[in-house]
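The block underneath contains the structure these notes are about, expressed in structure tokens.
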Protein chains: 2
Amino acid sequence: MVTINDIAKKAGVAKSTVSRYLNNGSVSTQTREKIDKIIKETGYTPNTFARSLKAQKTNMLGVIIPRLNSSSTNEVLEGIDATARELGYQLIITNSDQNLERELENIQTLAIQKVEGIIMLARQITKQHIDLINQASLPFLFIGQKAGTIHSMIHQDYEAGKQIGEYALGLGHRHFLYVGVPEYDQAVGIDRKKGFLDTLKKEKSSEVEYIETTFSRTIAYEKALKFLPETKATYIVCATDNIAVAVLKAASELGYRVPEDFSLSGFGGYEATSYVTPTITTVSYPYKRLGEESVKKIDLLINKKTVPMLSELGNVLEVKESTKEYKES
Amino acid sequence: MVTINDIAKKAGVAKSTVSRYLNNGSVSTQTREKIDKIIKETGYTPNTFARSLKAQKTNMLGVIIPRLNSSSTNEVLEGIDATARELGYQLIITNSDQNLERELENIQTLAIQKVEGIIMLARQITKQHIDLINQASLPFLFIGQKAGTIHSMIHQDYEAGKQIGEYALGLGHRHFLYVGVPEYDQAVGIDRKKGFLDTLKKEKSSEVEYIETTFSRTIAYEKALKFLPETKATYIVCATDNIAVAVLKAASELGYRVPEDFSLSGFGGYEATSYVTPTITTVSYPYKRLGEESVKKIDLLINKKTVPMLSELGNVLEVKESTKEYKES
DNA sequence: TTGTATGCGTTATCAG
DNA sequence: CTGATAACGCATACAA
């Protein structure tokens, strides 16, 4: 490996001169040219580790994601990537494979790598998380779930549920099926559902059945094959777009027509909802922007600015083909 | 920041003793316990940079991907992630956003970061790539495209095209439409297509129309709205599953029925092909395994073992609902 | 403008 | 088993 010393020797100067050349630049034109040439010849690049060691700064940002093959995750990542690049951060992305142990492990690993801050796309936040994060004592930001004592950035999930509720009631529907996910996920499992249910309460004549599934398309699909023939709902609300796509698939398999037999909607605004037939009504979430904002926020945190503990991003209802008015038949 | 020195002082020993404790472990039980306690109290973690500086080893692997929101990319990443973890590598994932400049930039960046090796999910390989890689002179592996002088790992795209060709001919089809992508992509744009076309040549009575689109679903969708009413093909071959999904969407929009009006197939084996109606026949590629194998290969490269310049992974035809026999009507 | 000397946190060598 | 010391590659205060 060629070092600053080699360059210095070959150029017949002190290594501090080379260092100056590399940084400030207070060097005579002569030596500058000499060094210039030699660096090109040797293909020398400064050693980042030595630099970081000296500067006590790594310019690296850690990102922890729950899984790779998720479109929402990827959109968030896109936003993170773009803004990180803009602000001069190098990204270390670690995958925790929806596994609590690995999540904690990754926090550790990133802390050891001395990243300047960590952004974590959260599923559930446990005491272990909090403890570990406090212990690591570096700027930390949760995305997607809120944690009281740690900075977080979330979607307005309660609002989103409310939007769908109001929209569906407005269409005249009174009998609903809510296909949800477990409550360990505060944002999706609880807030989103609660927003919906609370809205329905305003309409006394409404009824809601509830089915719980997981984030997996396959599992949702299999459950749908069973519950679709049994439900009396005229409107099915799925907790995620993925689930909605799976339910739609099962429906078409079983010979139901959407929205003629029942209306269907999801949450998320995934691209997939636009490429199935019918296209699926959804509440679209600004995932990419969430990623962008999160980097800006952690950057502020890193630079010791004060930022609000919690930021919320709004979302917007996208009416497509899978929902229609309910008319007494 | 708490360092090995702090620990040493508090424990009343030399820092070399602490270092030994951290590594080999030749320390008396007494001092071991003392150090143990202090490290826990202070939450000390060794500084990776100092370590890397000393060890001249970073244990980091660079990965360059063309874009984040691609299911094939993500499956490859899953494989890479899993195996990297197994082999003890830390991943630095950089996104080049389908941009040549950024690709070259990323190679630079990763080289500067002193990663031990780079895996790049390639689109096209230019002389600039080759030059830069040779200059960086570190283990490098292309995935998805082959480069003569640099190690690469690819899918059998020509074979895949052939498989579809033989299958379609076997169903009795003679009039085809191939929806392809530009030839700057050697694997998908050329090999895949050529495998298909070469196979058709064996059947004199066959005819092929050709339409070129891009990897974008939206663009493919819009093109399909135009070409579907015009084509006489009874079998449409799409160069990727994404394109196939888009064409299917356009078809259902226009009132065509698949496979009654025409058969349709893609390449890739993306999950999406299973969640549309009808499900789409495809040649599935072992993306995840590709990721796994690639890490194993670069690990070999890093450890100076000799490995073949080129590795190929096979793929398998998955017949689903979107294709059926052609019968003279 | 240039060179010398020192320290960043760690590991390894070599006496003790 | 333990401690002093040098070295990794770089940046910088200070002196020349």
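Just so we're on the same page: letters track the sequence lines, and every chain starts at 1. These numbers were taken from a predicted model, which means no experiment stands behind them.
No salt bridge links B/E312 with B/K146; every basic N to acidic carboxylate O contact stays at or beyond 4.0 Å. Residues A/K296 and A/E86 are not paired through a salt bridge, judged by the lack of any N-O separation under 4.0 Å between the basic side chain and the carboxylate.
Ring planes of B/Y285 and B/H155: perpendicular class, angle over 60° (limits at 30 and 60°).
Between B/Y89 and the options B/I80, B/I298, B/D81, B/I302, a side-chain contact (heavy atoms from CB on, under 4.5 Å) holds for only B/I302.
The CZ-C1' distance, from B/R51 to D/dG9, rounds to 18 Å in whole Å. Nucleotide D/dT12 holds its C1' atom 11 Å from the CD1 atom of A/I4, rounded to whole Å. Straight-line distance from the CG atom of A/D6 to the C1' atom of D/dG9: 10 Å, rounded to whole Å. With rounding to whole Å, B/N23 atom CG is found 16 Å from D/dC1 atom C1'. A straight line from CD1 of B/I112 to P of D/dG9 spans 17 Å, rounded to a whole angstrom. To the nearest angstrom, C1' of D/dC10 lies 15 Å from NZ of B/K54. The interatomic distance linking A/F49 (CZ) with D/dC8 (C1') rounds to 13 Å, in whole Å.
The two residues B/P139 and B/E116 make their nearest non-hydrogen contact at CD-O, 3.2 Å. For the pair B/Q113 and B/I92, the tightest heavy-atom approach, listed with the atom from each and the gap, is OE1-CD1, 4.5 Å. The two residues B/T109 and A/Q90 come nearest to each other via the heavy atoms CG2-NE2, 3.0 Å.
Contacts between chain A and DNA chain C, taken as any atom within less than 4.0 angstrom of a protein heavy atom, begin and end at C/dT1 to C/dG9.
For the pair A/V2 and B/S28, nearest-nucleotide mapping onto DNA chain D gives the more 5' position to B/S28.
Contacts of A/T31 with the nucleic acid, taken as non-hydrogen atoms under 4.0 Å apart, involve only primed sugar atoms and P, OP1 or OP2.
Distances shown here put a side-chain N or O of B/Q56 below 4.0 Å from the OP1 or OP2 atom of D/dG9.
No hydrogens or angles considered: a donor-acceptor pair under 3.5 Å links the side chains of B/T31 and B/S28.
The backbone N or O of B/N95 sits less than 3.5 Å from a side-chain atom of B/R102, completing a donor-acceptor pair.
Taking a 4.0 Å limit (strictly below) on heavy-atom distances, residues 14-22 of chain B reaches DNA chain C at B/K15, B/S16, B/S19.
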